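The structure presented is a predicted model; accordingly, all values stated were derived computationally and were not measured. The chains referred to below are lettered A, B, ... by the order of the sequence lines, with proteins before strands, and numbering in each begins at 1.
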Amino acid sequence: MPELPEVETVRRMLAEAVPGRRVARANVSGKRLRTSSLVRLPTQLRARTFAMPRRIGKFLLLDLDGGFTLLSHLGMSGRWLFWPPGRKPDAALEHVHLKIAFADGAALWFQDVRRFGMLRVLPTAKLARDASLRLLGPDPLAEPRDGDALRAAARGSRTSIKVWLLDQRRIAGLGNIYASEVLFRAGVDPRRRAGALDAEAWRRVAREVPAVLEESIARMGTTFSSYRTLWNEPGQYGEQLLVYDRGGEPCRSCGTPVRRIVQAGRSTYFCPTCQRARPRRSSPRPRLSNR
DNA sequence: AAACATTCCTGCACGC
DNA sequence: TGCGTGCAGGAATGTT
């Protein structure tokens with residue numbers, strides 16, 4: 001479930017753990033992740049020292065000395081796990097694809113059961129041009145946008161607002177859980193067309209995007225199934241979810257059963273009462289042929 | 001055992 | 001009719 005709050009939680013913990021630490025050696029599993037083979041990583045990481053980690057959307061940028069960056073994405077089930085010097089890593093862990101041993105005895109491992117994650121070392125100067133990052137939209141915490149800006153970005157879009165929020169080219173970092181939560185809190189029907197939302201609806205969406213993300217970060221993210229922090233602990237925001245994974249259960253605001261629908265192949269949860277659709281014109285594109 | 005948090009790629013449909 | 005864009009669906013994989 002790593003979406004922005006989960007990745008940011010891991011980043012903040014990495015910021016306390018890795019800067020200044022030097023890699024003694026790195027080992028990789030034989031398996032490849034979704035994007036690439038890992039065979040070059042041990043050589044690329046050897047003797048490098050980690051700097052302050054950064055994040056853009058759901059991507060982690062682990063800067064190294066010498067002008068390189070370890071670019072990482074957690075995919076569905078990726079985890080970064082850390083042990084300080086003197087603490088033995090759990091040798092029984094399975095699906096560990098990268099094991100970094102630091103010179104001072106600390107350890108940093110990347111575990112990914114489903115292997116949808118990404119690990120790549122590339123020159124820091126080339127990051128902005130890399131295909132993975134080039135198309136990302138603004139990060140909603142680093143560069144929050146107001147309702148008018150979001151509305152302008154969505155002008156003409158005929159896709160639903162839920163699917164629009166999931167598009168990483170528009171906003172970098174929202175995933176399936178928080179898209180549903182944002183729309184519930186904004187009182188917007190997830191089926192409405194993004195290009196048709198009025199300014200007031202966009203204003204509420206723009207307010208709730210950073211609000212939901214910050215509240216989740218404060219609780220170290222949502223553990224829906226596999227996400228863990230750097231210390232292998234679950235996040236606590238799941239208890240605060242208002243609609244996600246609550247199909248059939250009463251809306252916490254009005255009691256109406258929460259509905260589950262599928263949009264673009266993914267589950268959407270919403271309250272049909274609190275997020276009522278404005279009546280839409282039956283013909284979205286009025287014909288002008290006869291007046 | 002159907003569903004699944006992620007991104008990427010394909011192919012279709014639409015608008016100009 | 002042709003071209004570019006936007007969008008839906010499927011794939012990748014292992015677990016519950």
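Look at A/R12 and A/E8 and you find a salt bridge, because one of the NZ, NE, NH1 or NH2 atoms lies within 4.0 Å of a carboxylate O, short of that distance.
Distance, A/K162 NZ to C/dA8 P: 11 Å, rounded to whole Å. For A/Q263 and C/dG9, the CD to C1' distance is 14 Å, given to the nearest whole Å. The separation between A/R79 atom CZ and C/dT15 atom C1' is 12 Å, rounded to whole Å. What separates CG of A/L60 from P of B/dT7 is a distance of 13 Å, to the nearest Å. Taking atom CZ on A/R266 and atom C1' on C/dA12, their separation rounds to 14 Å, with Å as the unit. B/dT6 atom C1' lies 13 Å from atom CG of A/L33, rounded to whole Å. Following rounding to the nearest Å, A/D112 (CG) and C/dT13 (P) show an atom-to-atom distance of 12 Å. At whole-Å resolution of the value, CZ in A/R114 and P in B/dA3 are 14 Å apart.
When both distances must be under 3.5 Å, the Watson-Crick or G-U wobble mate of B/dA5 does not exist. Under the Watson-Crick or G-U wobble criterion, with both distances below 3.5 Å, C/dT13 has no partner in any strand shown.
Using atom P as the reference point in both B/dA1 and C/dT13, the two lie 22 Å apart (nearest Å).
Proximity of the aromatic rings of A/F184 and A/Y269 is defined here by a centroid distance below 6.0 angstrom, and this criterion is not met. In this structure, A/H73 has its ring center closer than 6.0 angstrom to the ring center of A/F59.
Under 4.0 angstrom from either OP1 or OP2 of B/dC4 there lies no side-chain N or O belonging to A/S77. In this structure, A/S267 reaches the B/dC4 phosphate: one of its side-chain N or O atoms is under 4.0 Å from OP1 or OP2. The phosphate of B/dA5 has neither OP1 nor OP2 within less than 4.0 Å of any side-chain N or O from A/Y178.
When the nucleotides B/dT7, C/dG14, C/dC7 are ranked by their closest atom to the side chain of A/H95, C/dG14 comes out on top. For A/F116, the side-chain atoms get nearest to C/dA12 when compared with the rest of C/dC7, B/dA5, C/dA12. Picking from B/dC4, B/dC8, B/dT7 the nucleotide with the shortest atom distance to the side chain of A/S132 gives B/dC8. Side chain of A/K58, nearest nucleotide from C/dT13, B/dC8, B/dT6: B/dT6. Nearest to the side-chain atoms of A/Y269 among the listed nucleotides B/dC4, C/dA12, B/dA5 stands B/dC4.
Nearest-nucleotide assignment on DNA chain C puts the 5′-proximal partner with A/R169, out of A/R169 and A/A264.
A side-chain N or O of A/Y178 and one of A/S216 form a donor-acceptor pair less than 3.5 Å apart. A donor-acceptor contact closer than 3.5 angstrom links the side chains of A/S267 and A/R260.
Note on A/Y244: only backbone sugar-phosphate atoms sit closer than 4.0 angstrom, heavy atoms only; bases stay farther off. Across all strands shown, A/R260 has heavy atoms under 4.0 Å from sugar-phosphate atoms exclusively, and none from any base.
Interface remark: the A/T222 side chain does not form any donor-acceptor pair with the B/dA5 base, using a distance-only criterion of under 3.5 Å.
The side-chain heavy atoms of A/L135 and A/Q168, taken from C-beta on, include no pair separated by under 4.5 Å.
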